[in-house]
Amino acid sequence: MNTDVEFHIRQNYPWNKLPANVKQSLGNSQREYEKHVLLYSIRNQLRFRCNLVRHVKKDERKYYEELLKYSREHLMLYPYHLSDIMVKGLRITPFSYYIGIMEDIMNSEKSYDSLPNFTAADCLRLLGIGRNQYIDLMNQCRSSKKFFRRKTARDLLPVKPVEISVEPWWVAQTGYITEDDIRICSLAEKSAIDKMIDTGPQLAGSIEYNVVLSLYNKGFIYLDVPISDDSCISVPPLEGFVMNRVQGDYFETLLYKIFVSIDEHTNVSELANVLEIDLGLVKNAVSMYCRLGFALKKGQVINPDQLHPTWRSAPSVNRLKGTMDPQKMLLSWEGGSPVLDAGSSATDTDTTSLEDQADTASVNSLSMPVGHTKRIAFLFDSTLTAFLMMGNLSPNLKSHAVTMFEVGKLSDESLDSFLLELEKVESTAEGEAQRYFDHALTLRNTILFLRYNKDLTSDPEQPNNGFPLDLLRCESLLGLDPATCSRVLNKNYKLLVSMAPLSNEIRPISSCTPQHIGPAIPEVSSIWFKLYVYHVAKQGPPSLLLSKGSRLRKLPDTFQSYDRLLITSWGHDPGVVPTSNVLTMLNDALTHSAVLIQGHGIHGNGEIVHVPFPFDKEELKGDFSYSNMCVHKALKNLRQKIDLEHFCGYVTMLNPNSRHIRRLSESSEGKGESELSVGFDADGSTESFELVVEENGADSSRKQGTEGSSAEDEWVPLELCFGMPLFSADLNRKVCEKIASHELCGKDSLQKLLHSSRKLSLKVLSFVQSFQESANSVDGGSDASVSSLLCQPPSCSSDTSVPLPALNLLFKDGQLSEWNGKTPPTIHMSNMQKDQTT
């Protein structure tokens, strides 16, 4: 549906007040507009009264029946905001609605994964049917077909809701009750119903607890979850969330947008203003979080005097069970990594349940200084959450990982329980699982370094105990439109710090304010930046960037001497493959994507070393050696062209001539090189490049500074990444030390970072634009073209934000030029050299 048409429907514009251009887009047909009004209203579960649909559809009951039918067919959440109509008017309770959905998918023999995430969570809450129960029901349903007494899906489904969690501040309202219904009620239930009929809706906490549950199970009452303008909520680690699929309907999209934007210090009204979303919709979403148990309402939600005595022993998700002082989370860099203070060791809380930890997180927020303090945001991608979910790292760690993925955020108030779970992760594992353990432990060290670290900066605006820290998932932020994302970040955060490397499959967050220690623009996290680094450093591995649609008859001569190649499909992470069988896979990949081919190793895999920056003065002294790569001439050129003093990150150096055999756990780069199987699919392709890892014994690992090659000419820069690495504990520790010693988080440094980020962005955009306009010019690119690129609003899709190569480009012997299928002649190379020097 046209966005202009949607806007005018949302604003209740009748046909005669529509602008001429909107009427024209509808073929000047009022009937067509009315069809759009009805469809939009049903899709968005709009109330009949007070909306434009009342002028289009005259039969109110029939409209709600169509709405309910559409919602059920599309497996949407029950429209709780229309409960007064659905329960009182149509007598469709949430239980009967979900029973109908479950019956439909069972009769169609669909998998449990066909249920959208939030719908599946509500089904689990009301019906008690999760994945395992559904599989069991389907098996019973199929087996009954073999016998004469066949059972239908409806026969196998429950006849009443399971016992749900009800909060005392929820409001009980009467549903559709007949005289026959009253006859089967107990005296206490009749009394409660009479009270609601006579005096109106009642707080659930003012009625006997068992009576509330009994009346709800019978369908005689429904429960409202009231949210006011000044309500604040917190989101603890998710329990009962079902990870199936995302459907993309209006309410699900809204739920995810608010998930990543909400915090304990922003009330509902302020949140609606920041997101520029209707206040009623935000209240509906927040109400749904509380109903599903995914969020807790802060503050005193009910006067204890109003509480019926039976509620005092009732289970409650809001009851606080313990306390913990966040000030006990101290930093200690002795022994090479930060550790928890001995008084808050994880062994003291091994028996603590996840519920207790979630409640503890709520108490933590109460012990913090009054007043909202801006925070530091650590940006991560979905790769990290995948690592935390795999490998059985810790009993309750998966709950936090699910929260990081689905909510897109783990707030500072939840980090204490998260750190306690990370503390339980063992330091050693076998095979690929070691990667998961390494990332978990290094993430813990990173959190402890950034969070409440008073030595991070001498900024007078910093609280005495340092800044709080939130973890944010990049993909969730990209679900917001750019302007909304900017408002959310500026409201809550003082500084953004990205993990490194971020996956090539996502678009990094671009932000001028708050300042961002990470990729300045999407191009800095793309293949273009690799070529730019080689261009300014005048060194790099032989690299060939082939545009989409190219086809190779044979492997270029440049790579014939290599045993291993590093292959990167556009928008995907790289993989190392043997040269012997690469040609067919390359041609398959080129049909749907641009591809970068790079020489990696002449004798097996090349050797890789990560050099952290910013560089210390002592590191820039002396001669080049394996243990002192900072003085490499390529890094000297990089320092002159790119400000590495106010960024943090690492440069990956490659020695393709090395005969050294590395262990998988030591060679992890955090991207493709450390994966046994690297996904290389795009647009549905199933081809993949497989990383070949040499078999080796434990004694074949390199000893630092003794076995590595030390000839400067053998080493070339492979990649430059901005941010904090998580794939290596040693590299992470060094980067943390450099951030502290160089005061990168100080006010002056961040101001210079902002200037350097813009300068780098302009240079990289000019570099990219020059190859889009001309085949022979490296330093060209009009200012107008670059300005137009800078003015384009950010997009959530990396494919649309980073331009694809229009030419085939070859980097060899320090020169970058167009490749036409042959090795460039020497005279062309000399001309290029002349262009670069001028």
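- Rounding to the nearest 0.5 angstrom, the gap separating the SG atom in Cys648 from the CE atom in Met724 is 6.0 Å.
- You'll find the ring centres of Phe727 and His610 inside the 6.0 Å limit.
- Listed by chain and residue number, Leu544, Leu552, Phe559, Trp819 satisfy the side-chain contact (heavy atoms from CB on, under 4.5 Å) test with Pro556 (two or more places apart in sequence, or in another chain).
- Here the closest heavy-atom approach between residue Phe767 and residue Phe771 is recorded as O-CD1, 3.3 Å.
- Side-chain atoms of Leu384 and Met404, non-hydrogen and from C-beta on, do get closer than 4.5 Å to each other.
- For Ser261, the side-chain contact (heavy atoms from CB on, under 4.5 Å) test picks out Leu271, Leu275, Leu480, Val488, with sequence neighbours left out.
- The aromatic rings of Phe811 and Tyr534 sit tilted, their planes meeting at an angle between 30° and 60°.
- In this view, Tyr493 and Asp470 satisfy the side chain to side chain donor-acceptor pair (under 3.5 Å) rule, not counting sequence neighbours.
- The side chain to side chain donor-acceptor pair (under 3.5 Å) check on His742 picks up Asp616, with sequence neighbours excluded.
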Margin query: Applying salt bridge (charged side-chain N to carboxylate O under 4.0 Å, His left out) to Asp730 and Lys734, what does each step give before you reach the verdict?
Written below: CA-CA 6 Å; Asp730 184 59; Lys734 290 178 181 177; 3.3 Å; yes
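- Applying the salt bridge (Lys or Arg N to Asp or Glu O under 4.0 Å) test to pairs two or more places apart or on separate chains, those with a residue in residues 629-649 are Lys633-Asp713.
- Taking the six-membered ring where tryptophan is involved, the planes of Phe722 and Phe529 are tilted, since the angle between them lies from 30° to 60°.
- Taking the side chain to side chain donor-acceptor pair (under 3.5 Å) definition, one finds that Asn808 meets it with Ser547, Ser550, sequence neighbours left out.
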Next item on the list: Under the side chain to side chain contact (heavy atoms under 4.5 Å, CB included) rule, what do Val260 and Glu475 come out as? Steps first, then yes or no, please.
Entry: CA-CA 10 Å; Val260 74; Glu475 294 93 329; over 6 Å; no
